[in-house]
S.K.: 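Take this structure, written in structure tokens, and hold onto it; I'll ask about it next.
Order of the sequence lines sets the chain letters (A, B, ...), proteins ahead of strands, with each chain counted from 1.
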There are 2 protein chains.
Amino acid sequence: MTDTAPGTATTSRRYGTRPTMKDVAARAGVGLKTVSRVVNGEPGVTPDTERRVKEAITALGFRRNDSARILRKGRTASIGLVLEDLADPFYGPLSRAVEEVARAHGALLINGSSAEDPEREQELVLALCARRVDGLVVIPAGRDHRYLAPEIAAGVATVFVDRPAGRIDADAVLSDSFGGARDGVAHLIAHGHRRIGFLGDQPGIHTAEERLRGYRTAMAEAGLPVDDAWVSLGPTDPERVRAAAIEMLDAPEPVTALFAGNNRVTVTVVRVLAGRPRPVALVGFDDFELADLLSPGITVIAQDSAQLGRTAADLLFRRLDGAGGEPRRVVLPTRLIARGSGELTPAP
Amino acid sequence: MTDTAPGTATTSRRYGTRPTMKDVAARAGVGLKTVSRVVNGEPGVTPDTERRVKEAITALGFRRNDSARILRKGRTASIGLVLEDLADPFYGPLSRAVEEVARAHGALLINGSSAEDPEREQELVLALCARRVDGLVVIPAGRDHRYLAPEIAAGVATVFVDRPAGRIDADAVLSDSFGGARDGVAHLIAHGHRRIGFLGDQPGIHTAEERLRGYRTAMAEAGLPVDDAWVSLGPTDPERVRAAAIEMLDAPEPVTALFAGNNRVTVTVVRVLAGRPRPVALVGFDDFELADLLSPGITVIAQDSAQLGRTAADLLFRRLDGAGGEPRRVVLPTRLIARGSGELTPAP
DNA sequence: CCTGCCGCTGACAACGTTGTCCAGGGGCTA
DNA sequence: TAGCCCCTGGACAACGTTGTCAGCGGCAGG
């Protein structure tokens with residue numbers, strides 16, 4: 001309490017009056033630029049002078065002010081990462097991969113969550129642009145990214161991940177949602193299922209729509225009809241998903257298998273099924289930890305989220321290094337991992 | 001390819017030649033400061049002038065350069081978060097909580113992973129200080145944070161989370177590792193176990209030592225001896241943990257229960273136990289998703305990592321708002337969640 | 001009608017760094 | 001010994017923004 005008595009009578013800023021290069025120069029008895037040279041390891045400084053400067057730096061506790069440096073140099077050596085939810089395990093490996101690549105290029109990572117709110121996404125992205133990040137990796141929440149066009153034109157390299165940009169043409173790195181879902185549903189069909197439910201994310205989200213398309217395609221390819229009651233799209237909060245699943249399972253002609261559109265849905269469905277006597281087959285999009293230890297193990301369509309992040313960041317830095325050309329769309333394959341839950345056969 | 005022909009003959013910077021307030025002022029036919037006023041919503045501008053300025057802003061695609069703003073104002077409105085691994089599910093809710101608080105205070109989050117490497121931690125922290133973040137939330141990897149003393153003295157508010165700072169006195173927000181471990185081990189003892197193994201993180205890590213101390217205390221309170229072979233500390237990679245667990249379980253006098261020192265250890269132990277015929281009791285530190293759906297459900301000592309992050313960030317911003325006083329140490333309680341694996345009784 | 005005040009606007013300096021350019025001195029060569 | 005060159009060091013401007021301050025014009029009151 002005592003050490004923060006407000007209004008000390010000095011005219012100095014009450015806080016953060018840090019030493020500058022000027023102070024270091026004065027103390028070392030050299031010119032400003034000489035300090036700059038030492039700090040940046042530039043050549044052309046006598047060992048003796050260098051020593052004096054370094055002593056002054058330690059004595060004063062000097063630390064270069066990167067804001068000034070950035071202002072002068074134009075590049076911030078930082079990239080922005082906008083994702084949906086920092087706490088979603090799907091984004092953990094992705095973030096880390098982006099960070100690794102950024103680190104390898106000497107860049108820091110500024111990130112934030114959009115919470116699936118397009119407005120918040122835009123707000124965040126523009127704040128990052130105001131910070132003059134060199135580039136952006138965005139997992140889009142909104143469907144219209146025209147607001148980014150001037151930024152991209154001004155040189156902010158931008159790569160979209162997991163979902164493509166809306167209404168602008170931009171680099172994107174995606175998983176093969178369509179193919180993955182088709183494979184998963186085909187897998188269920190191959191094990192004898194004819195009535196298969198699809199529980200997905202909100203319509204309007206690209207991955208949700210692609211996965212639904214994969215489901216419909218697999219069903220059509222097998223010549224199976226799709227009852228409207230078997231498809232449920234919407235928010236992935238447990239309550240809604242639980243209700244939707246139960247409705248399909250308790251219908252007069254119940255589904256015998258479920259396809260879950262993403263990891264959160266899968267987990268909720270697992271909880272629902274755990275409470276029911278009759279086994280129901282399940283395939284989920286996205287792998288998750290411990291999926292193999294449940295009984296039965298959960299069969300999933302795995303996407304490599306770290307690879308997604310790495311690919312996106314690599315592409316970003318290639319752009320920053322001057323790689324030109326048309327916006328690219330990279331689609332990474334998915335992989336079906338059979339663990340038991342997808343191999344259950346329908347009750348006779 | 002064609003649009004990046006190098007060396008265009010103009011003298012302009014090849015990239016990022018963004019319009020400035022000066023450009024906007026020229027286009028709108030007003031002074032520089034007037035533009036600044038409009039951009040920052042300051043009063044004292046005629047509606048008509050404001051309209052002209054806003055038109056010029058949209059026409060030119062102007063976006064304020066926050067680097068210059070930061071340089072001028074001294075505050076960056078950003079905080080740094082240094083954690084061990086962005087991909088560890090334990091840190092997801094923590095990061096998100098920190099981000100939420102930061103957002104509520106209008107600050108951005110810059111973060112990075114130390115990968116448990118003290119050198120990398122220091123490098124990252126100092127880079128953040130060079131960026132002049134207003135504050136730092138650090139999950140320390142190293143044991144000596146004296147390098148931070150000048151920064152803290154210079155006004156960088158710093159809060160340590162999960163583990164305290166080493167060799168400096170600083171704010172810290174911790175979970176009750178000692179009490180949690182003692183409770184967990186006592187729980188096993190209460191269910192009849194006498195030979196209990198402890199699988200922990202590296203010695204030197206504060207939480208690892210506190211949890212071990214909790215284990216020893218619980219054993220001592222029950223008057224039980226502790227065989228050296230029952231305690232294994234070290235890196236938490238699955239191979240080492242697996243080997244250590246198997247050694248304890250296959251000893252001539254095998255342990256009948258295990259206490260796992262953190263979530264990664266717990267998961268590895270679950271995998272080990274899944275392959276063995278005889279049931280072994282298990283209590284793990286940290287809760288994790290699906291712990292309840294395994295059979296048996298995994299009994300855990302839960303710590304609220306979101307609360308940890310929220311508390312730390314709140315404390316940080318209180319410091320930034322001028323709250324003084326001695327460095328504080330906040331310890332949050334843990335909670336034992338019984339799910340079955342801790343309630344198994346030893347084979348007769 | 002004159003004076004004084006207020007509301008709006010703009011000129012200017014400063015934030016801390018880096019790039020450019022020039023000066024001075026010492027060593028080497030002719 | 002003189003001249004030249006290179007090596008080291010420093011003065012200065014510029015990056016884009018904001019805070020300070022002063023000027024200008026209009027309006028109200030005396």
S.K.: Would you classify A:N40 as touching base, sugar-phosphate or nothing, given that sugar-phosphate means primed atoms plus P, OP1 and OP2, and contacts are heavy atoms under 4.0 Å?
M.R.: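 Sugar-phosphate contact only.
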
S.K.: Whole angstrom is fine here: how far is it from CZ in A:R63 over to C1' in C:dT17?
M.R.: 16 Å

S.K.: Out of C:dT9, D:dG16, C:dT17, which nucleotide sits closest to the side chain of B:N65?
M.R.: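 Of all the options, the side chain of B:N65 is nearest to D:dG16.
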
S.K.: I need the CG-P distance between B:D23 and D:dC15, as an integer number of Å.
M.R.: 11 Å

S.K.: Answer with base, sugar-phosphate or nothing: what part of the nucleic acid does A:K33 contact at a heavy-atom distance below 4.0 Å?
M.R.: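 Touches a base.
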
S.K.: Hey, what's the ring geometry for B:H145 with B:F160, parallel, tilted or perpendicular (30° and 60° as the breaks)?
M.R.: perpendicular

S.K.: Taking donor-acceptor contacts at under 3.5 Å, does the side chain of A:R37 reach the base of C:dG19?
M.R.: no

S.K.: Choosing from D:dG10, C:dG16, C:dT17, which nucleotide comes nearest the side chain of A:L71?
M.R.: C:dG16

S.K.: Looking at B:T34, does any N or O in its side chain come under 4.0 Å of the phosphate oxygens OP1/OP2 on C:dG10?
M.R.: yes

S.K.: Between A:E100 and A:R96, is there a side-chain heavy-atom distance shorter than 4.5 Å?
M.R.: yes

S.K.: Please give, in whole Å, the distance from C:dG16 P to A:I57 CD1?
M.R.: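 So the CD1-P distance, A:I57 to C:dG16, works out to 16 Å.
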
S.K.: Mind checking if B:R64 touches a base, just sugar-phosphate, or nothing, with heavy atoms under 4.0 Å?
M.R.: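 Sugar-phosphate contact only.
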
S.K.: Just to confirm, is there a sub-4.0 Å distance from OP1 or OP2 of C:dG16 to any side-chain nitrogen or oxygen of A:S67?
M.R.: no

S.K.: Evaluate the criterion side-chain contact (heavy atoms from CB on, under 4.5 Å) for residue pair A:V173 and A:V159; output intermediate values, then yes/no.
M.R.: CA-CA 7 Å; A:V173 178; A:V159 177; 4.1 Å; yes

S.K.: Report yes if a side-chain nitrogen or oxygen of B:T20 is closer than 4.0 Å to either non-bridging phosphate oxygen (OP1 or OP2) of D:dC15; otherwise report no.
M.R.: no

S.K.: Counting the atoms with a prime plus P, OP1 and OP2 as sugar-phosphate, which does A:V39 contact under 4.0 Å by heavy atoms, base, sugar-phosphate, or nothing?
M.R.: nothing

S.K.: Return the value, rounded to whole Å, for the distance between atom CD of B:E42 and atom C1' of D:dG19.
M.R.: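 Atom CD in B:E42 sits about 9 Å away from atom C1' in D:dG19.
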
S.K.: On DNA chain C, compare the nucleotides closest to A:P19 and B:G29; which residue's is nearer the 5' end?
M.R.: B:G29

S.K.: Under a 4.5 Å cut-off applied to non-hydrogen side-chain atoms, are A:L81 and A:E99 in contact?
M.R.: no

S.K.: Figure out the CZ/C1' separation between B:R52 and C:dC8, and round it to whole Å.
M.R.: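 Roughly 12 Å, once rounded to whole Å.
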
S.K.: Please tell me which of the listed nucleotides, D:dT8, D:dT17, C:dG19, lies nearest to the side chain of A:T49?
M.R.: D:dT8

S.K.: May I ask you to decide whether A:D48 forms a salt bridge with A:R51, counting only side-chain N to carboxylate O separations under 4.0 Å?
M.R.: yes

S.K.: So which heavy atom on A:D23 is nearest to which on A:R18, and how close?
M.R.: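 So the minimum-distance heavy-atom pair works out to OD2-O, 4.3 Å.
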
S.K.: Can you see if the side chain of A:S36 gets near the phosphate of C:dT18 - specifically, an N or O under 4.0 Å from OP1 or OP2?
M.R.: yes

S.K.: So, is A:K22 close to the C:dT17 phosphate, meaning a side-chain N or O under 4.0 Å from OP1 or OP2?
M.R.: no

S.K.: Verify the contact: side-chain N or O of B:R132 to OP1 or OP2 of C:dG16, cut-off strictly under 4.0 Å; return yes or no.
M.R.: no

S.K.: Starting at the 5' end of DNA chain D, which residue's closest nucleotide do you reach first, B:L32 or A:V45?
M.R.: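 So the residue in question is A:V45.
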
S.K.: Taking for each residue the nucleotide of DNA chain C with the nearest heavy atom, is it B:V30 or A:A68 whose nucleotide lies nearer the 5' end?
M.R.: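 So the residue in question is B:V30.
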
S.K.: Measure NZ/A:K73 against C1'/C:dG16 and give the value in whole Å, please.
M.R.: 14 Å

S.K.: Check this one for me: any side-chain N or O of A:R69 less than 4.0 Å away from OP1 or OP2 of C:dT18?
M.R.: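 Yes, within the criterion.
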
